[in-house]
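Take a look at the structure below.
First the proteins, then the strands, lettered A, B, ... as listed; each starts at 1. Side chains included, hydrogens not; waters and symmetry mates left out as well; all remaining heavy atoms used.
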Number of protein chains: 4
Amino acid sequence: MSETRPQLSEARSSVGARRSEATEAAVLEAFAALLAEVGYPAITMEAVARRARAGKATVYRWWPTKAHIALSLISKAKIEIPAPRGLSLREDLIDYMTRVVGLWRGDAGLPVGLLVRHCYAEAWSDPELAAALQAERRERWTMLNAIIEAAVGRGELPPGTDLARAKDFVMSWPFYLLMTDRLPAPDEIARMVDDTLDGLRAGSSRRPSPGI
Amino acid sequence: MSETRPQLSEARSSVGARRSEATEAAVLEAFAALLAEVGYPAITMEAVARRARAGKATVYRWWPTKAHIALSLISKAKIEIPAPRGLSLREDLIDYMTRVVGLWRGDAGLPVGLLVRHCYAEAWSDPELAAALQAERRERWTMLNAIIEAAVGRGELPPGTDLARAKDFVMSWPFYLLMTDRLPAPDEIARMVDDTLDGLRAGSSRRPSPGI
Amino acid sequence: MSETRPQLSEARSSVGARRSEATEAAVLEAFAALLAEVGYPAITMEAVARRARAGKATVYRWWPTKAHIALSLISKAKIEIPAPRGLSLREDLIDYMTRVVGLWRGDAGLPVGLLVRHCYAEAWSDPELAAALQAERRERWTMLNAIIEAAVGRGELPPGTDLARAKDFVMSWPFYLLMTDRLPAPDEIARMVDDTLDGLRAGSSRRPSPGI
Amino acid sequence: MSETRPQLSEARSSVGARRSEATEAAVLEAFAALLAEVGYPAITMEAVARRARAGKATVYRWWPTKAHIALSLISKAKIEIPAPRGLSLREDLIDYMTRVVGLWRGDAGLPVGLLVRHCYAEAWSDPELAAALQAERRERWTMLNAIIEAAVGRGELPPGTDLARAKDFVMSWPFYLLMTDRLPAPDEIARMVDDTLDGLRAGSSRRPSPGI
DNA sequence: TGCTAATCGAGACGGTACGTCTCGTCTTAGG
DNA sequence: CCTAAGACGAGACGTACCGTCTCGATTAGCA
């Protein structure tokens, strides 16, 4: 993960050449391009290095695994999700989900959902990757936290609301839809949020789900 | 001269040897053994064939991909889940979830959840595999259908309950927990079901979730 | 070799179906066709059986090796070389060499020289094949024997001429040209024979050769 | 972003690792060992790589075919044949043939004749290999050239002797004996040369041969 | 006419080599 | 010291062929 790699602009005591930022960018770019062209499973470190005109040893030095390159891309993509506007719970959630689902679908030019799906699979047997994903989730939930706490503050949710449960509840459905390849289109986001809110507030079985 | 040989283009009647069931069993066994020993990503078709004492061509003849072998194992494991006992919705769901989660955890000797997780990841780029997984889900939901319809019949759920939404709702949380590596222990199943039921019936935010 | 295979018209004590001559012909035909299409090294027993619409077991039953099929073809081709006309030594040899070189070049529809070359190579490590080739040489030399003995009878060669050496001498050059891919065209045969005759007459009655 | 990185299409100056001479030697050694143990046809690229503890890709990088490895061995063996001593034609030829036949028989530790036989067979369908063999012949004939020209200079052969024909003539017999598995023993070399000389002297200055 | 072998086609099987590819490491030379 | 290039040992990939083995269907002499 990028957290464990030396800071790019950090003061260094050792002599010698510095890490090439141009190379790092070229590698990420090459990975994204290959992702679009051949799909995640067909991406190889070899091809990434070739495409980026980088030496294989250079790639391996900074990213031990292709999942780590994927995580670098996910991290880079994440920071482009702006904070919620603080409106009603429903509107904040629609805003938030629209952005998250859009990010997953690839609206930012990168199908982040695809990367997430593969990273979750590989994380099963790679504890370091699993920890990175948990951190990623925690970060995402920080923003959800703000949304839900604001809703509690506005009285839209009862004061004793369990934040952890609420966040799980809100995310479990989109995540399930992501994994089963049924991510909602932009005009279906509101319905997905409403379904979620039903359950979150005092849920019922009133409206139909997207179905399988 | 071959023109003088009889019936060259006639419909053939001879058939050749049949598929060996012993070999099929050996391959599935070998896959399960390797899964336990080296983990899913490290399994290779080569090693499966070697371990099963089967020819590589034989393995490829019947399973084009290691994910397909995993699916064969999942299917074989599925049929060991018995039908619900038809008690209350809560108890039926606890029964059902206990078995599903147990199956996923590997109580049947095979960590089916692990296989499911990897199959979902690979299905992203393999439509045939995706279809097989959808069929698998549909089959699992058949049993959920019975449970929910029985609950509607008993008046535990309103008559107009949308079955598809209810099933999605019930499965999304366990699935999410599976993917995020937080499958509940046997004594936590009841709580997970209660959380689900809250949302399913007219849910509120009464009880805390397992948390991250 | 065909000599080791059961005689087709031999008296049989057991009952049952007989060897299919149509199949034998189809196999030889398929081999010849593949020889022309893909070249000797690329011929496989599998392809021969497929092409002949014969079962692999049937092919293996009668020809243990593809070199044995080649030998069957060589033997079939050989019998079409007629006996010499008994003219002068020079003319008999030109006649004979024209036919042999023509046979090798493929004038009979089958590039026998190509088969011979490969059989000689494989015979290095297959004693049975080597014996068959020696028999094939001996048969060819029987005809040469007649030519040379007639020449001795007509006084064209001295009475004490060593037949074995003479035959070796006559065949070594065309064979060398075959192996080095320089088989003479029809109008160059006479010159080749003349070159041979110079040496044959000069050294003919001197010393016995190593023999066959 | 890669556009901003310097000198992408410029002529490269860095070079990468060089070919490993140790590996080349190990491969040739492994091939020779396998030749002695299992025979030429049973040698596989796989086994050569395994035996040489080399990667298969490394072997294929430098030798596209096992015949090419054989040629490397032949070439390495060739350079150990010393120049003729310039005595009489007969003695020079006996010297030369003794060495050539000895080389073929394997006196240098490697049965070169066996390799030659198989290379000639495979060269039928591999033009590149055929060219390499022709080059090998031409090199061998350079030495024969010297022997024959010296004989012409000493008056042992007529001044107009056709060198190409003479060389063909001298080599055709030993070659034939090699191919028919009757390579002469050391004490039979003189007789073989004498037989050859009979023809060589009689027909020497008559007509040009087909040439190499 | 029915029985009994032998032979046939087809093709699945356990093996194994093919030639290619990627892995992750190491070497080389330039900056 | 970092970099691009690329050779290296290792070994999996998916295909093809090896030679053996069932499978039924077919064929022909013997009962």
Side-chain angles (χ1 to χ4, degrees), chain A residues 12 14-20 22-23 42-47 49-50 52-62 64-66, chain B residues 5-8 10 12-20 22-23 26 42-47 49-50 52-62 64-65, chain C residues 12-20 22-23 42-47 49-50 52-62 64-66, chain D residues 5-8 12-20 22-23 26 42-47 49-50 52-62 64-65:
Chain A
R12 296 169 48 106
S14 64
V15 298
R18 304 301 217 269
R19 174 172 190 188
S20 159
T23 293
I43 294 178
T44 64
M45 296 295 260
E46 192 106 20
R50 201 159 43 231
R53 301 191 66 85
K56 285 171 59 179
T58 305
V59 177
Y60 278 109
R61 183 177 342 262
W62 305 115
T65 279
K66 71 171 174 171
Chain B
R5 298 171 65 219
Q7 305 130 340
L8 288 194
E10 195 177 299
R12 59 173 304 227
S13 47
S14 83
V15 286
R18 309 302 209 199
R19 176 173 188 178
S20 158
T23 294
I43 294 178
T44 65
M45 295 296 259
E46 191 108 18
R50 202 158 44 228
R53 303 195 62 82
K56 283 172 64 176
T58 303
V59 177
Y60 279 107
R61 182 165 10 246
W62 304 114
T65 280
Chain C
R12 295 166 48 110
S13 48
S14 59
V15 296
R18 302 311 176 54
R19 175 174 189 183
S20 160
T23 293
I43 294 178
T44 65
M45 296 295 260
E46 192 106 19
R50 200 158 44 228
R53 303 192 63 85
K56 285 170 61 177
T58 305
V59 177
Y60 278 108
R61 182 173 353 252
W62 304 115
T65 279
K66 72 171 175 171
Chain D
R5 300 170 65 221
Q7 303 131 342
L8 288 194
R12 60 172 304 229
S13 45
S14 88
V15 285
R18 308 306 207 193
R19 176 172 187 180
S20 159
T23 293
I43 294 179
T44 65
M45 295 296 260
E46 190 108 19
R50 200 157 46 227
R53 303 194 63 82
K56 286 171 62 177
T58 304
V59 178
Y60 279 108
R61 186 174 355 251
W62 304 114
T65 281

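- Distance from the side chain of C/Arg53 is smallest to E/dA10 among E/dG15, F/dT3, E/dA10.
- Comparing atom distances between the C/Trp62 side chain and each of F/dT3, F/dC8, E/dT7 picks out E/dT7 as nearest.
- Mapped onto DNA chain E by nearest heavy atom, A/Lys66 and C/Gly55 fall at different nucleotides, with C/Gly55 at the one closer to the 5' end.
- Two residues are said to be in side-chain contact when any heavy atoms from C-beta on lie closer than 4.5 Å; D/Lys56 and D/Met45 fail this criterion.
- Taking atom CZ of residue D/Arg18 and atom C1' of nucleotide F/dA4, one finds them 14 Å apart after rounding to whole Å.
- Considering all non-hydrogen atoms of both residues, B/Ala26 and B/Ala52 come closest at O-CB, 3.6 Å.
- Between C/Thr23 and E/dT7 there is no side-chain N or O to OP1 or OP2 distance below 4.0 Å.
- Positionally, the nearest nucleotide of DNA chain E for C/Thr58 lies more toward the 5' end than for the other of C/Thr58 and B/Ala52.
- Every residue was checked against the side-chain hydrogen bond (donor to acceptor under 3.5 Å, both in side chains) condition with A/Lys66, not counting sequence neighbours, and none meets it.
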With 3.5 Å as the limit, what N/O pairs link the protein to nucleotides 12-16 of chain F?
residue	atom	partner	partner atom	Å
F/dC13	OP1	B/Met45	N	3.1
F/dC13	OP2	B/Met45	N	3.3
F/dC13	OP2	B/Glu46	N	2.8
F/dG14	OP2	B/Tyr60	OH	2.4
F/dG14	N7	B/Lys56	NZ	2.9
F/dG14	O6	B/Lys56	NZ	2.7

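- Distances shorter than 4.0 Å separate some side-chain N or O of D/Arg61 from OP1 or OP2 on F/dA7.
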